[in-house]
2 protein chains.
Amino acid sequence: MQTRSKILQATLELLEAGEGGEIRMGDIAKRAGISRQALYLHFATRAELLVETTFYLDELSESDKRLEPSRKAKTGIERLEAFVDAWGGYIPAVYGPGRAMMAMMETDDEAAKAWNQRMQDVREGCEAAIKALKKDKTLSPAYSINDATDLLWAMLSVRNWEQLIHQSGWTQKKYIKTMKILAYNTFVAAGAEISKGISK
Amino acid sequence: MQTRSKILQATLELLEAGEGGEIRMGDIAKRAGISRQALYLHFATRAELLVETTFYLDELSESDKRLEPSRKAKTGIERLEAFVDAWGGYIPAVYGPGRAMMAMMETDDEAAKAWNQRMQDVREGCEAAIKALKKDKTLSPAYSINDATDLLWAMLSVRNWEQLIHQSGWTQKKYIKTMKILAYNTFVAAGAEISKGISK
DNA sequence: TTCATACTTGACAGCATGTCAATTGACAAA
DNA sequence: TTTGTCAATTGACATGCTGTCAAGTATGAA
């Protein structure tokens, strides 16, 4: 049972560092200090290994704890901001495995389903924030709940993060700060009281 | 010289239809009605073929003509809207080849450079629109020119379109309409006169 | 001592890209 | 008519990856 963890750990490390190109099964084996075949004793396919790696990552980083402030928020505005903080702050960690999974989506149905499931969870977070705004009557009248959810989901997508960080060279801090402003300006109805978190 | 066109046409057709998985060199050859090896007589690598296909597509759809209304716009606000119309309307056509190119970016430097170059062109379009707003003093004070450009670029990215159309199931019409509203609300300073184009 | 379990070693099939060499067929110029 | 060139064909092959298979090894428990 220890080998399994060694494999997952090695996979994670390679994916996080992984600038140049694809990570091969052989690379992971080497890093974990075992034979390539031993990988297949624990994970039937590359896709399965990647999926399990994302679950492993969730355990490691206690991803549900990150969402606590968002769930505890009193107002819709606070909830929106807390969610941007929580998920936006988690993206850098998911990005390694996520990139690999997204690359596999073209060819591998298994991987596609797994990744889409995880992204659906994020959508639910978006929806909860939007609904909290709606409940407070601070949701902008420009969008329905569904449209606002879709839009927020797209804004906070891994691809969008990738674009801003890697193509535009933004820092993580700038990303969070700007996404908060953007989310606020987009979804909070004009005239709603200004949240303290948004200062400047 | 005719074979070359047949190849490019076949590639385009396959990429446009291409729902299921990757398009192989053999598939393209079959579709074009020639041998797989003949492809390599015209294009050294798969990456090169894809790059040339995007240029071919530009010719076919007279992509520069699409941008004319944007360049001719009198006000910054009009220019922003026209640009969203032009590029947003072109995305469905680029998406087929684009998806293939983006998938190759992980592994192929050549493809990555070519696609990034094309996306850089889009960025210039974004920048021009933002600068036009700035010139009119209708750019929202929340963002610098660079940040606004990066943000608009991300909003109008192919990935964002993909997310909204394929994950959220939006129609193209809804996409254009909503992106216009979003761009307007985000980048146009409060108090600036309302453009006719944005009506409902 | 015996047996099961986890791992290793090495070979191999499948499948894609890209290369190479020999051949065919058409068309043009001497 | 002959010769040369050019585009395309055919078929074999190297490479590099994933995933499979079979046989062997080490460790620890019964």
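Please read these numbers as outputs of a predicted model, since none were measured by experiment. Throughout, a chain's letter reflects where its sequence line sits, starting with A, and its residues are numbered from 1.
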Rounded off to whole Å, could you give me the [atom1]-to-[atom2] distance for the [X] and [N] pair?
X         : N       : atom1 : atom2 : answer
Leu41(A)  : dG19(D) : CG    : P     : 14 Å
Ile7(A)   : dA6(C)  : CD1   : P     : 12 Å
Glu110(A) : dG19(D) : CD    : C1'   : 15 Å
Gln2(B)   : dA26(C) : CD    : P     : 16 Å
His42(A)  : dA6(C)  : NE2   : P     : 8 Å

Checklist entry - Any luck finding a side-chain donor-acceptor pair between Asn116(A) and Gln120(A) under 3.5 Å? => result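 The answer is no; no qualifying pair exists.
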
Checklist entry - Can Gln9(B) and Glu13(B) be counted as having a side-chain donor-acceptor contact under 3.5 angstrom? => result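 Checked: Gln9(B)/Glu13(B) side chains pair up, N/O donor to acceptor below 3.5 Å.
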
Next on the checklist: Per the side-chain hydrogen bond (donor to acceptor under 3.5 Å, both in side chains) rule, what does the pair list look like for residues 152-164 of chain A, sequence neighbours excluded?
Outcome noted: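 Residue pairs passing side-chain hydrogen bond (donor to acceptor under 3.5 Å, both in side chains), neighbours aside: Tyr95(A)-Glu162(A), Arg159(A)-Glu162(A), Trp161(A)-Gln172(A).
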
Checklist entry - Could you state the interatomic distance from CH2 (Trp87(B)) to CG (Asp85(B)), rounded to the nearest 0.5 Å? => result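 Spacing of CH2 (Trp87(B)) from CG (Asp85(B)) equals 14.0 Å.
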
Next on the checklist: Contact between Leu139(A) and Ile130(A) at the side-chain level, heavy atoms closer than 4.5 Å - yes or no?
Outcome noted: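 Yes, their side chains come closer than 4.5 Å.
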
Next on the checklist: Is any side-chain heavy atom of Thr11(A) closer than 4.5 Å to one of Glu52(A)?
Outcome noted: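 No - every pair of side-chain heavy atoms lies 4.5 Å or more apart.
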
Next on the checklist: Return a single string for nucleotides 10-22 of chain C, one symbol per nucleotide in 5' to 3' order, where B is base contact, S is sugar-phosphate-only contact and - is none, cutoff 4.0 angstrom on heavy atoms.
Outcome noted: BB----SBBBB--

